[in-house]
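Below: the structure, in structure tokens.
What you are looking at is a predicted structure, and each value in this text was computed from that prediction instead of being measured. Sequence lines set the chain letters: A, B, ... in the order given, protein chains first and strands last, and positions in each chain run from 1.
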2 protein chains.
Amino acid sequence: MASKKEKDLFPAANHDHKACIKTALNEAERYCRENGLRLTELRRRVLELVWASHRPVGAYDLLEKISSNNRKAAPPTVYRSLDFLMEHGLIHRIASLNAYVGCSHLDHHHAPRFFICDQCGEAAELDDPVIDDAIARDAKRLGFRVERQTLEISGVCATCEHGSTG
Amino acid sequence: MASKKEKDLFPAANHDHKACIKTALNEAERYCRENGLRLTELRRRVLELVWASHRPVGAYDLLEKISSNNRKAAPPTVYRSLDFLMEHGLIHRIASLNAYVGCSHLDHHHAPRFFICDQCGEAAELDDPVIDDAIARDAKRLGFRVERQTLEISGVCATCEHGSTG
DNA sequence: AGGTGAAATGTTATAATATTACACTAGTTT
DNA sequence: AAACTAGTGTAATATTATAACATTTCACCT
């Protein structure tokens, strides 16, 4: 519920997360179709696993989930999929956590900007043109050509801070 | 030369880097003295090695430099010093590079904000109150209590872009 | 349909970064 | 000197990521 209003904020504890996953997969499929990319079974599965929550997830966690009892997957299996998904903006890497999270803003080009709760682990992706402009201005002043950005704010989210049980 | 004017920008190729190192060590000594901290020989040496350049340096690079021919230092040796130096704001960690760089703004409290050149590897630490305010405003809107920040802009610096030989 | 080349995946090994745990030393306080 | 604490040494191991090469799958062409 209220996905429009909350799309930029921390997801409510009771939100319909299955809808998040479904939307993410649908969008990814559309994006790949439109751009001649192959969202293979493996890539789709990795994307789905990344989207299992709004918490950034480690590559080796994914690897475990991909592995079946009899067949253990090797690191490149998951790293290659992660690389593909990152290259096409379907997920982001959280450098401060060595972890990966689904992109919430597939509809527009953007620099990744995250608020990440240390307690519950949830990450909220948040646009702010003021930040974008300020960075662009600084870069211009330096004569610096920007290629990648990492903005990760860690702390405690409202839910954890005010302890609404949940 | 011109250290005042350029203190917030990428250091000129011909700047007097020995002065940077000396200043950093002096400031660190003063800071530790005033705060009852022990800048031991090891910590001082690590700080000095981090300040060997304005390029973020990896822990294992430091480890090699600390090791002598006969005596190889072990990882905790350098990681503990790095932890100490980070805890007291004498250096910053660059999450996107798994590397460490001296703090250029010892004189005031600040969130670390870096522009990092992919080509020459140099990092410039840059304050921008507009960014600070924007992040604070976003955090407030989210009800998020900020504890740590990571802002790393990667790309190509002016010197590398315009290729002034160097 | 079969051949071909490129993309994707499987597999093994290893690199790079970081931490745990415990022993020992040095410095400080009493 | 005893006792305590902070700092360092050392060995082992955890965690994250990549390299190199073999094999499979897929799209495309004829």
Inset, instruction - Before accepting this row, confirm whether a basic side-chain N of the pair B:E41/B:R43 lies closer than 4.0 Å to the acidic partner's carboxylate O. - result: no

Legend entry - Cationic N near anionic O, under 4.0 Å, B:D138 to A:R113: no

Inset, instruction - Let me know, please, whether B:L97 or B:R38 comes out on the 5' side of the other along DNA chain C by nearest nucleotide. - result: B:L97

Legend entry - Residue whose closest nucleotide on DNA chain C lies nearer the 5' end, B:Y79 versus A:P76: A:P76

Inset, instruction - Confirm from the modelled atom types if A:R71 and C:dG10 form a donor-acceptor pair under 3.5 Å, side chain to base only. - result: no

Inset, instruction - Quick one: label A:R80 by what it contacts on the DNA or RNA (base, sugar-phosphate, nothing), any heavy atom closer than 4.0 Å. - result: base

Any side-chain N or O of [X] under 4.0 Å from OP1/OP2 of [N]?
X	N	result
B:T77	D:dT8	no
A:T40	C:dT9	yes
B:N98	C:dA18	yes
B:R43	D:dG7	yes

Legend entry - A:H92 ring center within less than 6.0 Å of A:Y100 ring center: no

Legend entry - Upstream residue (5' side of DNA chain D) when B:P75 and B:L37 are each assigned their closest nucleotide: B:L37

Provide, to the nearest angstrom, the distance between the [atom1] atom belonging to [X] and the [atom2] atom belonging to [N].
X	N	atom1	atom2	result
B:R45	D:dG7	CZ	P	20 Å
A:D83	C:dT9	CG	P	12 Å
B:E41	D:dG9	CD	C1'	17 Å
B:L39	C:dG27	CG	C1'	16 Å
B:L82	C:dA18	CG	P	9 Å
A:R33	D:dA27	CZ	C1'	18 Å
A:L62	D:dT15	CG	C1'	14 Å
B:F84	D:dT5	CZ	C1'	15 Å

Inset, instruction - Determine whether more than 12 heavy atoms belonging to other residues, nucleotides or ligands lie under 6.0 Å from atom NZ of A:K72. - result: yes

Legend entry - Near-parallel close stack of A:Y60 and D:dT16 base (under 5.5 Å, under 30°): yes

Inset, instruction - Measure the spacing between CD of A:Q149 and CD of B:E152 and express it to the nearest 0.5 Å. - result: 11.5 Å

Legend entry - Side chain of A:A74 (C-beta onward), nearest among C:dA21, C:dT9, C:dT12: C:dT12

